[in-house]
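A quick note: this is a predicted structure, and the numbers were derived from the prediction, not measured. Note that ligands are numbered from 1 as they come in the structure, with each ligand's atoms numbered from 1 the same way. Residue indices begin at 1 and follow the sequence shown.
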Amino acid sequence: MMEARGFDTLVIGTGPAGEGAAMKLAKSGQRVAVVEAHDKVGGGCTHWGTIPSKALRHSIQLLADYRRNPLFQHTRDQVEVEFPDLLRAADAVIHEQVGTRYRYYQRNRVEVIFGRARFVDPHHVEVLRPDGATDLIKASAFVIATGSRPYHPSDLAFDHPRILDSDSVLGLAHTPRSVTIYGAGVIGCEYASIFSNLHLKVNLVNTRDRLLSFLDDEITDALSYHLRQQGVIIRHNEAYEGIDAAEEGVVLSCKSGKKFKTDILLWANGRTGNTDQLGLEAIGISPNQRGQLDVNDRYQTSLPHVYAVGDVVGPPSLASASYDQGRFVGAHIAEGECDWSLVKEFPSGIYTVPEISSVGRTERELTAQRVPYEIAQAHFKSIARAQITGHTVGMLKLLFHRETLEILGIHCFGEQASEIIHIGQAIMSQKGPTNTLQYFAETTFNYPTVAEAYRVAALNGLNRLF
Ligand SMILES: Cc1cc2nc3c(=O)[nH]c(=O)nc-3n(C[C@H](O)[C@H](O)[C@H](O)COP(=O)(O)OP(=O)(O)OC[C@H]3O[C@@H](n4cnc5c(N)ncnc54)[C@H](O)[C@@H]3O)c2cc1C
């Protein structure tokens, strides 16, 4: 065996999970290196997932606002935006993100090693560099943060230019006229919003009976309504039988007998953990059938010094949660203790048009748990700031205990929902009686703001009590 370079901990992958772990470990005084198979840091999050899709969505929102604004009615139809224009705007953000993230590693003296990592035994990893050279790294602990990629069923021809996934859609060099999106999870719904606002015909084919069933029903009803208003055709309870791509279009055939013909098909149905090239067989770890790693509540695999975090361990598969899982294991490795609340409570943000965000329990969960809750709600259409900006579609809904006034869940849709949610989250995460709806009724908010919706909702909720 060649001579190995030694580190306290080696992190594999520079997405949010790997970065969170590396930063925490470095700040705790460890000697840390990260290995990255791509030629830039940032992970799938920066290059193929969160950042490009959110940058696309932002451009789409600007375009929709512009088209709707009465000030620009006379020039509205002169503006032509093509999908590749949006991709260029997203590229600029990716570039900035890579620079920022790379500086974090430099500043914290974390060595970045470019190449593909593969275990050769429980304490050694071989890194295959892009130029064909190999490095051998020895470490006391390892953090696998290799993320996930779109799942590809073996009967689909992903090499056909009309069949795309959430990675390859970022290489689309023209604006199609129509798209079928198979899979109506978060990624499918977000791309349905992006494409419908670019005026494509969109079929959103859902394998389940409603959209995003982990959310509050009222919020998903609103999402379905607004997607349909934007022209999206939603089909529930479908399963694909075959997908045929030809020169003039692609046809999705469903088991129900329905067929959808469009210019492109975006496959958004499932993801696979990136574990197949990690040499896990050399250390006796077997991924599950989704390529994900099983871990205990401290994110340790069956080898206690080999941790796994982020998308590679499965849900919630969020950049936000992945980063905190990384910090959590960083603390566990370096200090032997960690903040459990970091990985237990997290909000969800869904960047459809309208945007959605929620934290805490839904009405369905509270009803099943027989918690006596009440609803406090405010509609954006009656909030002055929303009237000024024209973003009147939306609602803030707080679920609270009707006896203690404890806030139990917050659900919001509308412009900036994923920002607005954090105001309520800050109060909801307080311990004991300081988590109370009363806070919002008795606090002065700037006027006009959308945050004022919390006061309006609180008064609405308190008025329901008897
Ligand atoms: C279209 C889309 C939109 C999304 N939107 C959001 C959102 O709005 N908000 C949100 O919170 N989350 C969002 N997500 C999810 C989010 O991107 C992921 O949860 C997050 O990227 C997971 O982080 P990670 O660090 O686990 O993995 P990744 O970010 O995927 O990073 C893993 C890294 O490991 C590297 N790697 C893999 N194998 C090896 C190896 N053997 N050796 C060395 N390096 C290796 C990869 O090259 C990659 O750079 C979205 C995902 C997608 C696909």
Side-chain angles (χ1 to χ4, degrees), residues 10-22 33-58 90 97-98 101 112-119 125-130 135 137 142-151 164-170 181 183 185-191 193-194 266-280 291-293 299 307-327 329 346-352 355-357 417-418:
L10 183 71
V11 178
I12 308 174
T14 61
E19 183 186 309
V34 291
V35 190
E36 175 50 61
H38 187 53
D39 60 0
K40 295 182 189 73
V41 296
C45 172
T46 302
H47 298 284
W48 313 288
T50 313
I51 296 298
S53 63
K54 262 73 277 180
L56 283 175
R57 194 271 184 199
H58 175 68
Q97 276 288 305
V98 169
R101 314 233 85 86
V112 180
I113 304 167
F114 288 102
R116 186 164 288 281
R118 188 177 66 86
F119 281 93
V125 156
E126 187 183 76
V127 180
L128 177 62
R129 301 270 204 165
D135 271 357
I137 313 285
F142 295 88
V143 180
I144 300 175
T146 49
S148 64
R149 59 180 185 272
Y151 164 69
L164 303 168
D165 62 25
S166 62
D167 289 359
S168 56
V169 74
L170 300 172
I181 302 174
V186 174
I187 295 172
C189 288
E190 288 184 355
Y191 270 105
S193 283
I194 290 172
L266 175 62
W267 179 267
N269 198 37
R271 298 187 64 84
T272 305
N274 290 327
T275 47
D276 49 334
Q277 295 180 52
L278 266 177
L280 292 174
Q292 296 157 352
L293 299 176
Y299 294 92
Y307 294 74
V309 280
D311 277 16
V312 77
V313 301
S317 300
L318 289 171
S320 50
S322 299
Y323 190 83
D324 287 340
Q325 289 170 10
R327 283 169 59 201
V329 302
F346 50 86
S348 53
I350 295 141
Y351 298 81
T352 42
E355 195 167 301
I356 293 173
S357 194
S418 56

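- The nearest heavy-atom contact from the protein to atom 5 (N) of ligand 1 is Lys54 NZ, 2.9 Å.
- With respect to atom 10 (C) of ligand 1, the closest heavy atom belonging to the protein is Ala319 N, 3.3 Å.
- Among all non-hydrogen protein atoms, the one lying nearest atom 21 (O) of ligand 1 is Cys45 CB, 3.1 Å.
- Of all protein heavy atoms, the one lying nearest to atom 27 (O) of ligand 1 is Gly147 CA, 3.2 Å.
- The shortest heavy-atom distance from Val312 to ligand 1 is not under 4.0 Å.
- In this structure, the protein non-hydrogen atom closest to atom 14 (N) of ligand 1 is Thr50 OG1, 3.2 Å.
- Ligand 1 has no atom lying under 4.0 Å from any heavy atom of Arg118.
- For atom 19 (O) of ligand 1, the closest heavy atom belonging to the protein is Asp311 OD1, 2.7 Å.
- Using a non-hydrogen distance threshold of 4.0 Å, Gly115 registers as a contact of ligand 1.
- Residue, atom and distance of the protein heavy atom nearest to atom 30 (O) of ligand 1 are Gly44 N, 3.3 Å.
- Legend: residues meeting side-chain contact (heavy atoms from CB on, under 4.5 Å) with Ala90, ordered by chain and number and at least two apart, are Ala55.
- Counting only heavy atoms of the protein, atom 45 (C) of ligand 1 lies nearest to Ala37 CB, 3.7 Å.
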